[in-house]
Protein chains: 2
Amino acid sequence: MKMTSQRQVILEELRKVTTHPTADEVYRMVQQRLPRVSLGTVYRNLEMLSQTGIIGKIESPGAPMRFDWNVAPHHHVRCQRCGRVGDLHLHLPETVPGMDAFLGVRDPKSGFVLTGYQVELVGLCRSCYDQMQVSPKDMD
Amino acid sequence: MKMTSQRQVILEELRKVTTHPTADEVYRMVQQRLPRVSLGTVYRNLEMLSQTGIIGKIESPGAPMRFDWNVAPHHHVRCQRCGRVGDLHLHLPETVPGMDAFLGVRDPKSGFVLTGYQVELVGLCRSCYDQMQVSPKDMD
DNA sequence: ATGCCTGCAAAGCCTTTGCATCTGC
DNA sequence: GCAGATGCAAAGGCTTTGCAGGCAT
């Protein structure tokens with residue numbers, strides 16, 4: 001993979017932030033420096049960079065994908081209210097004890113063989129938490 | 001919520017299968033009995049039925065939502081190859097020991113308060129498993 | 001010259017929504 | 001007659017893709 005200038009700028013911009021931006025947010029950041037860049041190029045490059053393990057991709061249901069320059073293993077929390085994603089620094093259990101014994105096992109009823117699992121964390125970012133304190137009726 | 005005939009048929013058709021169909025699959029099943037039903041109605045009713053807890057909704061990133069008549073708590077596995085979802089009958093750990101201690105806690109660095117977590121399981125359905133045995137190069 | 005990359009625009013996929021009409025109480 | 005539900009079609013949000021031209025080797 002050659003490091004074109006677009007690719008380089010995309011990577012640099014991503015590395016400036018800790019907010020796990022969406023493709024569109026990256027696009028807008030990159031646009032400041034490369035006004036003629038296209039959204040398609042941003043998508044293509046983010047995809048390529050994440051495929052090669054240079055950056056991370058964070059996917060969750062019903063929400064646009066987000067990207068992370070930090071590929072070291074760490075937990076993410078997604079705000080259940082606004083969708084923001086944060087890095088978790090609490091020391092959480094990394095694995096579910098006893099779960100690994102099930103990997104590779106075929107469930108007799110469904111016929112599925114288990115290959116992996118992951119723990120998804122949800123929470124409230126500071127501003128959403130504060131807003132909910134103010135108006136509890138906004139809860140859903 | 002009134003039980004219209006469309007709603008009733010949607011529920012009945014969903015209850016006939018164990019495949020966790022997508023909205024579109026439900027639509028096609030319902031169409032056999034109500035040829036003039038609309039996709040929008042199917043979406044609206046599936047949403048309403050799941051909001052009220054009569055059926056379950058299964059969401060995962062990059063895949064269409066799926067629905068489940070069985071609202072009793074149970075695990076799902078998603079086939080990493082074809083997206084099919086199965087019910088897991090293996091007796092898995094229900095919770096991550098020690099994790100609950102973190103609920104309600106604010107992570108100092110990110111500022112997020114943890115509110116919940118869930119374990120996602122991935123695997124291979126029988127037919128994808130078999131196909132991968134035949135042509136290992138299809139793996140990704 | 002070649003092969004990868006880009007900008008642009010269009011299409012794609014899934015889901016939601018506006019609106020006029022219809023239904024059942 | 002009214003509230004709520006429907007069919008239809010259009011729009012919406014996000015992502016991918018086809019294509020013609022560009023750039024570096």
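Chain letters run A, B, ... following the sequence lines, proteins first and then strands; every chain starts at 1. Both backbone and side-chain heavy atoms feed into the values below; hydrogens, waters and symmetry mates do not.
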Asks: Looking only at the side chain of B/K2 (C-beta and beyond, no hydrogens), which of the listed nucleotides C/dC5, D/dC8, D/dA5 gets closest?
Replies: D/dA5
Asks: Please work out if A/N45 contacts a base, only the sugar-phosphate, or nothing of the nucleic acid, heavy-atom cut-off 4.0 Å.
Replies: sugar-phosphate
Asks: Rounded to whole angstrom units, what separation is found between the CZ atom of B/R36 and the C1' atom of D/dA5?
Replies: 15 Å
Asks: Rounded to whole angstroms, how far apart are CG on B/D24 and P on C/dT15?
Replies: 9 Å
Asks: Nearest of C/dT15, D/dG7, C/dG7 to any side-chain atom of A/Q6?
Replies: C/dG7
Asks: Quick one: do A/M48 and A/Y27 end up in the same hydrophobic cluster if we chain Ile, Leu, Val, Met, Phe, Trp and Tyr together by side-chain heavy atoms under 4.5 Å apart?
Replies: yes
Asks: Atom CG of B/L46 to atom P of C/dT16: distance rounded to whole Å?
Replies: 10 Å
Asks: So does A/S38 get a side-chain nitrogen or oxygen closer than 4.0 Å to the phosphate oxygens (OP1/OP2) of C/dC8?
Replies: no
Asks: Under 4.0 Å, heavy atoms only, any strand: does B/R44 hit a base, just the sugar-phosphate, or nothing?
Replies: base
Asks: Is a side-chain N or O of A/H20 found less than 3.5 angstrom from the main chain of A/V85, in a donor-acceptor match?
Replies: yes
Asks: Rounded to whole angstroms, how far apart are CD on A/E47 and P on C/dT6?
Replies: 14 Å
Asks: With the side chain of B/Y43 defined as its heavy atoms from C-beta on, choose the nearest nucleotide among D/dG7, C/dT15, C/dC5.
Replies: C/dT15
Asks: When you measure from the side chain of A/L39, which nucleotide among D/dT6, C/dT6, D/dT15 comes out closest?
Replies: D/dT15
Asks: B/I58 has an atom CD1; how far is it from atom C1' of C/dT15, in whole Å?
Replies: 17 Å
Asks: Tell me which nucleotide among C/dT15, C/dC5, D/dT16 gets nearest to the side chain of A/M65.
Replies: D/dT16
Asks: Give the C-alpha distance, both sets of side-chain angles, the deciding distance and a yes or no for side chain to side chain contact (heavy atoms under 4.5 Å, CB included) between B/M99 and A/V119.
Replies: CA-CA 10 Å; B/M99 184 71 93; A/V119 180; 3.7 Å; yes
Asks: Is it true that the NZ or CZ of A/R84 lies under 6.0 Å from the centre of B/F112's six-membered ring and within 45 degrees of the ring axis?
Replies: no
Asks: Look at B/T4 and D/dT6 and indicate whether a side-chain polar atom (N or O) is within less than 4.0 Å of OP1 or OP2.
Replies: yes
